[in-house]
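What follows is one structure encoded as structure tokens, with my remarks underneath.
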Number of protein chains: 2
Amino acid sequence: MDQNKIPQATAKRLPLYYRFLNNLQMQGKTRVSSKELSEAVKVDSATIRRDFSYFGALGKKGYGYNVEYLLGFFRKTLDQDEMTDVALIGVGNLGTAFLNYNFTKNNNTKIKLAFDADPNKVGTKIGGIPIYHIDDLEEKLDDVKVAILTIPANEADRTTERLVAKGIKAILNFTPARITVPDDVRVHHIDLAIELQALVYFLKHYPLDNLVPSKEEVH
Amino acid sequence: MDQNKIPQATAKRLPLYYRFLNNLQMQGKTRVSSKELSEAVKVDSATIRRDFSYFGALGKKGYGYNVEYLLGFFRKTLDQDEMTDVALIGVGNLGTAFLNYNFTKNNNTKIKLAFDADPNKVGTKIGGIPIYHIDDLEEKLDDVKVAILTIPANEADRTTERLVAKGIKAILNFTPARITVPDDVRVHHIDLAIELQALVYFLKHYPLDNLVPSKEEVH
DNA sequence: CTTAAGTCGTGATTATTTTCACATATACAC
DNA sequence: GTGTATATGTGAAAATAATCACGACTTAAG
Ligand SMILES: NC(=O)c1ccc[n+]([C@@H]2O[C@H](COP(=O)([O-])OP(=O)(O)OC[C@H]3O[C@@H](n4cnc5c(N)ncnc54)[C@H](O)[C@@H]3O)[C@@H](O)[C@H]2O)c1
Ligand SMILES: NC(=O)c1ccc[n+]([C@@H]2O[C@H](COP(=O)([O-])OP(=O)(O)OC[C@H]3O[C@@H](n4cnc5c(N)ncnc54)[C@H](O)[C@@H]3O)[C@@H](O)[C@H]2O)c1
């Protein structure tokens with residue numbers, strides 16, 4: 001498709017750049033250098049220039065980047081003009097938080113419907129999003145390609161199978177289970193317990209002294 | 001300190017291995033091969049063997065790994081025997097979810113206290129964890145070195161400064177703000193909106209066909 | 001017009017991580 | 001015992017990502 005040569009590491013940073021460019025524009029700034037952007041997003045300025053360069057020459061030497069132009073370019077590249085519908089599976093602690101938040105700001109994704117197994121939740125709405133029974137998944141989940149999984153770990157495999165059978169192509173998995181999917185389905189695991197444990201491990205085993213070359217961030 | 005030669009990528013996988021080894025032990029399994037473990041955690045078996053090898057020869061050729069032994073080894077390595085106290089800043093949608101969950105299973109971290117600016121929340125408890133007023137941060141935050149940040153983005157910088165001044169050394173940041181900290185403080189950003197956007201970007205631009213070499217997961 | 005300061009885009013280098021592939025050792029069946 | 005299947009640990013290669021460093025160009029001031 002589009003640009004299959006763009007490194008995954010770069011692709012993951014694009015939404016970050018986009019957000020900060022929006023901030024800059026709202027502040028009324030018309031130009032920005034890779035150095036300035038670097039300070040804002042905490043990514044090395046050479047990395048930023050390299051990232052941008054995969055899309056061609058977006059800046060001007062001696063000047064920097066035009067905020068308006070760059071923003072427009074990324075809007076197209078990140079498909080900000082077309083909404084992607086998302087389904088949320090499991091309206092518990094985490095799921096409820098996501099429904100209330102709903103990723104609305106500067107974002108092209110929207111949770112459109114939710115599912116739960118608890119009859120007390122079914123039929124209600126949170127943040128304006130309707131909650132259906134998980135048994136009605138196949139019926140209600142029309143054309144949605146992306147799902148957020150926030151159910152108990154022991155339900156993860158079974159539910160994933162149903163999602164995949166119904167045509168889901170991307171899953172943001174918050175359960176500790178490492179779910180199995182066919183090759184054409186993409187899964188991103190966000191494992192909060194592990195993130196916390198890893199942070200503590202780094203804290204204890206990789207002390208960041210003034211001696212060690214600056215490395216404030218890992219994620 | 002301990003083993004400064006262990007790659008960060010490896011260190012991040014250790015808690016994952018530990019969790020699945022626990023599962024295996026609970027299932028009564030006494031031995032496991034890198035291949036089996038690979039299927040469970042979705043990490044290439046060569047990578048697993050390489051990861052383990054940084055800690056010496058933990059397995060036996062032709063046999064695999066002894067679950068009991070490996071588990072014991074990682075328990076020590078990951079300091080599972082000593083609890084690390086964590087403070088949670090901002091008891092809103094996300095913060096409340098975390099307090100209810102509290103990372104209890106197979107885990108050496110525990111949220112010990114929480115702070116919020118909302119007087120209605122101050123003085124109450126969630127999941128048994130007391131919520132204090134953010135004004136009392138310096139007084140209550142005794143010896144805690146790790147904080148979870150779940151406050152509005154525009155409060156992030158100010159609050160981070162206070163946390164750092166009080167001696168916090170590691171921050172799990174859920175706000176979209178890219179906070180600035182001294183070199184000796186570690187920050188992991190978990191940016192849920194960006195994770196979702198990146199997933200959608202990959203979905204649209206990196207189609208996973210049967211042609212493409214299997215690459216089901218990125219995170 | 002000339003010069004100084006600033007900034008990009010990128011070839012080259014370095015660092016990090018993953019993967020291949022195989023010599024070597026073990027287990028276990030018979 | 002012997003033979004075969006199995007699985008580790010690791011040198012080497014490949015893949016991926018980050019960083020250095022500089023030529024080329026832009027701006028703006030005098
Ligand atoms: N809450 C946290 O802070 C946190 C942190 C790390 C990981 N997690 C993981 O995220 C997942 C969700 O956590 P939570 O705290 O929101 O759990 P929760 O128990 O509060 O919510 C789970 C929800 O899923 C519903 N459910 C159960 N089975 C279902 C099914 N088959 N289909 C649809 N819905 C179903 C339940 O009715 C419930 O509403 C868990 O796997 C948990 O391990 C949560
Ligand atoms: N909820 C989500 O699904 C979600 C998703 C992505 C990112 N985030 C980010 O996570 C953060 C928290 O999100 P949320 O939905 O829980 O927000 P929220 O508004 O529900 O909660 C924020 C809480 O912080 C408290 N607070 C405000 N200022 C404070 C201060 N100075 N000190 C201490 N507490 C203070 C508020 O009283 C409130 O209880 C935000 O930055 C948000 O952008 C949330």
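Order of the sequence lines fixes the chain letters, A, B, ..., with proteins taken first and strands second; residue numbering starts at 1 for each chain.
Residue Ser34(B) is in sugar-phosphate contact alone, with no base atom involved, counting any heavy-atom pair closer than 4.0 Å across all strands shown. Note on Tyr65(B): only backbone sugar-phosphate atoms sit closer than 4.0 angstrom, heavy atoms only; bases stay farther off. In this structure, Ser45(B) reaches neither bases nor backbone, as no heavy-atom distance under 4.0 Å exists between it and the strands shown.
A perpendicular orientation is assigned to the rings of Tyr17(B) and Phe52(B), their planes being inclined by more than 60° (bins at 30° and 60°). Below 30°, between 30° and 60°, or above 60°: for His188(A) and Phe202(B) the angle between ring planes is between 30° and 60°, a tilted geometry.
Within residues 66-75 of chain B, no residue has a heavy atom under 4.0 Å from DNA chain C.
Taking a cutoff of 4.0 Å between a charged side-chain nitrogen and a carboxylate oxygen, Glu155(A) and Arg158(A) qualify as a salt bridge.
For the pair Gln8(A) CD and dT17(C) P, the interatomic distance rounds to 16 Å; values are reported in whole Å. Rounded to whole Å, the distance from CZ on Arg50(B) to C1' on dG11(D) is 8 Å. Look at CD1 on Ile48(B): it is 16 Å from C1' on dC20(C), rounded to the nearest Å. In this structure, the CG atom of Asp51(A) is 13 Å from the C1' atom of dT16(D), given to the nearest Å.
For the pairing with Arg178(B), the side-chain hydrogen bond (donor to acceptor under 3.5 Å, both in side chains) check across Asn173(B), Asp157(B), Asp191(B) returns one residue only, Asp191(B).
A sub-4.0 Å separation between OP1 or OP2 of dT19(D) and a side-chain N or O of Thr47(A) is present. In this model, the phosphate group of dC28(C) is approached by a side-chain N or O of Arg31(B) to a distance below 4.0 Å at OP1 or OP2. One finds no side-chain N or O of Tyr63(A) lying less than 4.0 angstrom from the OP1 or OP2 phosphate oxygen of dA5(C). At least one side-chain nitrogen or oxygen of Lys60(A) sits closer than 4.0 Å to the OP1 or OP2 atom of dT27(D).
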- Under the salt bridge (Lys or Arg N to Asp or Glu O under 4.0 Å) criterion, do Arg50(A) and Asp44(A) qualify, and how do the steps go? CA-CA 10 Å; Arg50(A) 173 77 63 197; Asp44(A) 186 89; over 6 Å; no
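In this structure, Arg186(A) contributes its side chain and Leu199(B) its backbone to no donor-acceptor pair below 3.5 Å. In this structure, Asp85(B) contributes its side chain and Val144(B) its backbone to no donor-acceptor pair below 3.5 Å.
In terms of position on DNA chain C, the residue among Gly62(A) and Ala46(A) whose nearest nucleotide sits closer to the 5' end is Gly62(A).
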